[in-house]
Undergrad: 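The structure is given below, and queries will be raised subsequently.
Numbered from 1 within each chain, the chains take letters A, B, ... in sequence-line order. Atoms considered below: every heavy atom in the structure, side chains included; atoms not considered: hydrogens, waters and symmetry mates.
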Protein chains: 4
Amino acid sequence: MTPPSRTLRADAARNRELLLAAAEAEFAERGLEASVADIARRAGVGKGTVFRHFATKDDLIAAIVRTHVGTLDAAGQRLLAAADPAAALLEFLTVAGGQREQRDVSYLLNADDAGPEVVALRERLYRTVCLLVDRAREANAVRADVTGHDVVLLMCAPNHVVSFVKDPPPDLWRRYLAIIFDGLRPEGAHPLAPPAPEL
Amino acid sequence: MTPPSRTLRADAARNRELLLAAAEAEFAERGLEASVADIARRAGVGKGTVFRHFATKDDLIAAIVRTHVGTLDAAGQRLLAAADPAAALLEFLTVAGGQREQRDVSYLLNADDAGPEVVALRERLYRTVCLLVDRAREANAVRADVTGHDVVLLMCAPNHVVSFVKDPPPDLWRRYLAIIFDGLRPEGAHPLAPPAPEL
Amino acid sequence: MTPPSRTLRADAARNRELLLAAAEAEFAERGLEASVADIARRAGVGKGTVFRHFATKDDLIAAIVRTHVGTLDAAGQRLLAAADPAAALLEFLTVAGGQREQRDVSYLLNADDAGPEVVALRERLYRTVCLLVDRAREANAVRADVTGHDVVLLMCAPNHVVSFVKDPPPDLWRRYLAIIFDGLRPEGAHPLAPPAPEL
Amino acid sequence: MTPPSRTLRADAARNRELLLAAAEAEFAERGLEASVADIARRAGVGKGTVFRHFATKDDLIAAIVRTHVGTLDAAGQRLLAAADPAAALLEFLTVAGGQREQRDVSYLLNADDAGPEVVALRERLYRTVCLLVDRAREANAVRADVTGHDVVLLMCAPNHVVSFVKDPPPDLWRRYLAIIFDGLRPEGAHPLAPPAPEL
DNA sequence: AATGAATGAGGCTTCATTCAT
DNA sequence: CATGAATGAAGCCTCATTCAT
């Protein structure tokens with residue numbers, strides 16, 4: 001009669017991780033329209049188990065976004081303390097790109113329907129990036145007319161760009177990050193026409 | 001004996017345009033999984049009319065791609081004769097961005113299933129861009145390590161980036177095109193890590 | 001202002017025949033689910049013209065049935081005057097089979113929804129066949145326990161049977177008509193279990 | 001560790017049988033173009049359940065054919081060992097007719113698209129019938145010029161013929177089987193014009 | 001708690017029929 | 001009158017979600 005909740009919880013937690021991993025892999029291969037059934041199969045569990053852990057397919061997506069955004073924010077926070085602000089910003093963008101490696105999951109960042117929790121996380125990430133950019137700007141490592149919001153928006157571009165290549169080398173995104181990052185530098189910067197968007 | 005199909009064609013042609021416009025808008029808002037029913041509704045026609053004009057949803061997509069790619073290629077060809085190679089390349093990218101203005105239809109460029117005609121068009125555009133880039137490179141207007149393929153890939157980025165902004169000003173993409181284009185210039189260019197992809 | 005109804009009628013009549021022929025061919029190739037559009041195309045007219053002549057696809061089918069049944073009845077009537085009753089009945093069944101040659105259109109005879117006119121025609125054919133069978137029976141050319149209704153029912157069997165052969169020779173149905181007709185003869189007849197159906 | 005899938009299977013198996021029965025009835029009444037929705041309704045299950053059991057409408061058809069052909073072949077195999085070859089062949093055809101009792105499902109034998117498994121089954125049945133006919137021929141119970149293929153083709157005729165009668169007595173097909181079987185006997189046989197088809 | 005069977009809304013496509021030209 | 005464009009109901013199939021076991 002003693003609740004065996006220990007092992008059960010362990011199993012459940014394991015299944016949760018299996019599902020997140022399977023979902024991410026499946027989404028990466030097939031896009032968001034990957035079927036829940038395939039995800040379940042890949043995770044080696046029944047379809048019903050998916051819904052036990054994530055009430056909705058959207059919830060599952062949100063959980064993945066949460067992970068991504070959370071991880072990224074943590075990296076950003078850590079890099080706020082780095083010695084070289086320019087290197088810190090580039091490293092941050094490198095972490096962002098590496099996180100997706102090969103896959104454009106930028107649409108995950110869309111989800112206005114993603115629920116308040118995700119929105120909050122996103123805003124936190126936004127503030128972190130602003131701080132990183134501010135530091136870099138003060139160190140004259142990025143042009144004066146570029147904002148944190150600009151960088152947030154451009155953050156996904158390298159992976160997105162690569163998504164049009166058939167069988168890209170796994171780090172091709174670095175090439176486009178380098179180009180874009182050069183565009184953010186103060187050297188040889190041309191004035192920017194429309195002002196940066198708010199928020 | 002004169003073909004009595006002028007007025008009928010007028011109506012049909014109008015519907016065809018309505019459908020293409022509706023499809024483009026719907027795809028831009030919802031992605032390629034926008035439903036044919038919604039497209040038909042938006043165009044103000046019955047579902048069956050879509051089929052009459054485009055035997056398949058894929059055909060509809062192909063038609064849109066055809067239009068985009070064709071128009072863009074024409075612009076590129078024209079700009080090959082321009083006096084200033086640097087301005088020509090920038091103008092080309094500006095045409096590309098303006099064509100979509102606010103709309104990230106970059107996924108249209110995916111469609112490997114788009115049929116041989118679309119593939120051919122795409123390759124033609126690719127060659128045109130290569131020529132534009134070659135000219136610009138020779139004029140020292142873009143960095144030496146950037147290829148036509150790079151530019152083709154980056155072409156969609158400004159619009160894509162803007163698609164994450166809630167209610168963006170219609171020309172916000174120009175801001176990001178400016179940044180990216182600055183990244184393509186030779187001034188202050190840092191070396192690029194992975195080589196450019198083939199094809 | 002003189003009504004040019006003469007030539008128009010001629011045209012219309014021609015179209016009607018074209019349509020009947022096209023429909024029969026199409027039905028023969030594809031079955032009753034052949035599309036009206038295909039029939040129109042085969043007849044070389046517009047889809048609308050089909051409906052001008054036959055308010056409904058079912059009407060078109062009924063018209064074909066009418067033709068078949070009418071022709072067959074006429075043949076039967078003619079054969080009622082033939083010298084040899086046995087040969088007359090066999091000839092009648094041969095006409096029936098040849099009329100369909102290669103194609104099982106027996107389902108056309110189903111159509112309870114075929115409208116009163118078709119029903120009337122069918123009954124007339126039925127009476128004709130009964131007379132043919134009566135004469136043959138009196139001449140001891142068919143077994144005593146076989147009725148006109150039996151023969152009407154068996155009439156379509158040879159073509160139906162052949163419809164299961166992949167690429168049958170055009171007169172294969174004659175083989176099965178011969179077998180069935182032998183079954184109708186008095187020689188070596190075994191008693192029949194359930195009585196013949198009414199009507 | 002015992003597979004906990006007994007009761008679930010029970011439900012599922014029941015539904016499978018319900019579906020097969022409903023499909024057979026619906027096909028018999030409306031032909032193969034009976035709608036999956038109607039079949040599901042008749043079976044008292046949802047539309048999706050049909051798909052779960054039979055991935056495709058064609059699979060459903062194939063399953064029915066499989067059942068029919070398999071059962072019939074088993075009967076034929078058994079009758080190969082019967083003492084009286086003539087009685088054995090008649091009994092076989094009686095089983096065939098009784099299996100359908102009132103239902104013309106002969107179109108089921110068409111399905112060239114039915115998949116290789118069904119084709120194989122059909123060929124097996126064909127060989128069984130050939131053996132039955134060979135034995136009967138050797139015993140002088142059927143005419144010398146009749147082949148197994150002939151019998152296979154004629155097998156469905158009695159039920160088909162009956163399908164044109166409004167409310168037929170359930171065993172009316174026996175009447176037409178008797179007539180056709182008399183046509184297969186050597187007594188009073190007239191020569192057959194076109195040779196029997198191959199395969 | 002896990003499973004997978006069942007459900008039904010919704011997607012794409014076809015086609016008989018109507019109607020403006 | 002003929003034409004073919006438009007329509008919308010209906011068909012097959014997919015899949016997120018619920019629920020009995």
Side-chain angles (χ1 to χ4, degrees), chain A residues 4-5 7-9 11-12 15 33-41 45-58 60, chain B residues 3-16 33-40 44-58 60, chain C residues 4-5 7-9 11-12 15 33-41 45-58 60, chain D residues 3-16 33-40 44-58 60:
Chain A
S5 44
T7 50
L8 283 181
R9 283 239 175 97
D11 261 34
N15 273 347
E33 65 272 17
S35 86
V36 171
D38 284 346
I39 291 170
R41 185 157 36 249
V45 303
K47 235 184 317 183
T49 304
V50 181
F51 290 94
R52 173 165 301 281
H53 287 282
F54 308 95
T56 271
K57 188 185 182 182
D58 281 350
L60 175 53
Chain B
S5 44
R6 212 70 334 195
T7 47
L8 279 181
R9 282 265 167 75
D11 258 36
R14 214 180 79 82
N15 273 346
R16 193 173 196 279
E33 65 272 16
S35 90
V36 169
D38 284 347
I39 292 171
V45 304
K47 233 184 326 179
T49 303
V50 181
F51 169 73
R52 157 164 284 281
H53 286 280
F54 307 96
T56 271
K57 188 185 180 181
D58 280 351
L60 175 53
Chain C
S5 45
T7 50
L8 284 181
R9 282 239 175 96
D11 260 34
N15 273 347
E33 65 270 19
S35 85
V36 171
D38 285 346
I39 292 171
R41 186 157 35 249
V45 304
K47 233 184 320 183
T49 304
V50 180
F51 289 94
R52 170 164 302 283
H53 286 282
F54 307 95
T56 269
K57 188 184 181 182
D58 281 349
L60 175 54
Chain D
S5 43
R6 212 69 336 193
T7 47
L8 279 180
R9 281 264 167 73
D11 259 36
R14 214 181 75 83
N15 274 344
R16 192 172 196 280
E33 66 272 15
S35 91
V36 170
D38 284 348
I39 292 170
V45 303
K47 235 186 320 181
T49 304
V50 181
F51 171 72
R52 158 164 284 282
H53 287 280
F54 307 96
T56 272
K57 189 185 180 181
D58 280 352
L60 175 53

Undergrad: Distance check needed: E:dT21 P versus B:Arg14 CZ, whole Å only.
TA: 12 Å

Undergrad: Please report the closest heavy-atom contact between D:Ala40 and D:Gly46, naming both atoms and the distance.
TA: CB-O, 3.8 Å

Undergrad: Base, sugar-phosphate, or nothing: which does C:Lys57 touch, judged by heavy atoms less than 4.0 Å apart?
TA: sugar-phosphate

Undergrad: Within this structure, what is the CZ-to-C1' distance between D:Arg16 and E:dA6, rounded to whole angstrom?
TA: 16 Å

Undergrad: So how far is it from D:Arg16 CZ to D:Thr49 OG1, rounded to the nearest 0.5 Å?
TA: 13.5 Å

Undergrad: Nearest 0.5 angstrom please: A:Lys47 NZ to A:Arg52 CZ, how far?
TA: 15.5 Å

Undergrad: Is any side-chain N or O of D:Asn15 closer than 4.0 Å to OP1 or OP2 of E:dA5?
TA: no

Undergrad: Taking the side chain of B:Val36 as heavy atoms from C-beta outward, which of E:dC12, F:dC12, F:dA16 is closest to it?
TA: E:dC12

Undergrad: Output the single nucleotide from E:dA6, E:dA16, E:dT14 whose closest atom is nearest the side chain of B:Phe51.
TA: E:dT14

Undergrad: side-chain contact (heavy atoms from CB on, under 4.5 Å), that's the test. Do C:Phe51 and C:Val36 meet it? Break it down for me.
TA: CA-CA 9 Å; C:Phe51 289 94; C:Val36 171; 3.7 Å; yes

Undergrad: Would you indicate, yes or no, if F:dC13 has its OP1 or OP2 atom less than 4.0 angstrom from a side-chain nitrogen or oxygen of D:Thr56?
TA: yes

Undergrad: Nearest heavy atom decides the nucleotide; on that basis, is A:Lys47 or C:Val45 closer to the 5' end of DNA chain F?
TA: C:Val45

Undergrad: Would you kindly give the CG-to-C1' distance between B:Leu60 and E:dT13, to the nearest whole Å?
TA: 14 Å

Undergrad: In dot-bracket notation, what is the pairing pattern of DNA chain E, taking Watson-Crick (N1-N3 plus N6-O4 or O6-N4) and G-U wobble (N1-O2 and O6-N3) contacts under 3.5 Å, with [ ] crossing and | for other strands?
TA: .||||||||||||||||||||

Undergrad: Can you check the C:Glu33 CD to F:dA10 C1' distance for me, whole Å?
TA: 16 Å

Undergrad: Would you indicate what C:Thr49 reaches in the nucleic acid, counting non-hydrogen atoms under 4.0 angstrom: base, sugar-phosphate, or nothing?
TA: base

Undergrad: When we call it a touch if two heavy atoms are under 4.0 Å apart, what does D:Ala40 touch: a base, just sugar-phosphate, or nothing?
TA: nothing

Undergrad: Starting from C1' on F:dT14, measure out to CZ on A:Arg41 and report it in whole angstrom.
TA: 13 Å

Undergrad: Side-chain N or O of D:His53 less than 4.0 angstrom from OP1 or OP2 on E:dA5?
TA: no

Undergrad: Using atom CG of D:Asp58 as one end and atom C1' of F:dG11 as the other, report the distance to the nearest whole Å.
TA: 13 Å

Undergrad: Give a yes/no on whether any side-chain N or O of C:Arg52 is located under 4.0 angstrom from OP1 or OP2 of F:dC1.
TA: no

Undergrad: Measure CG/A:Asp38 against C1'/E:dG4 and give the value in whole Å, please.
TA: 15 Å

Undergrad: Mapping A:Gly46 and C:Gly48 to their closest nucleotides on DNA chain E, which lands nearer the 5' end?
TA: A:Gly46

Undergrad: Could you give the CZ-to-P distance, from D:Phe54 to E:dA5, as a whole number of Å?
TA: 13 Å

Undergrad: Could you tell me whether C:Arg41 and C:Asp38 have a side-chain N and a carboxylate O separated by less than 4.0 Å?
TA: yes

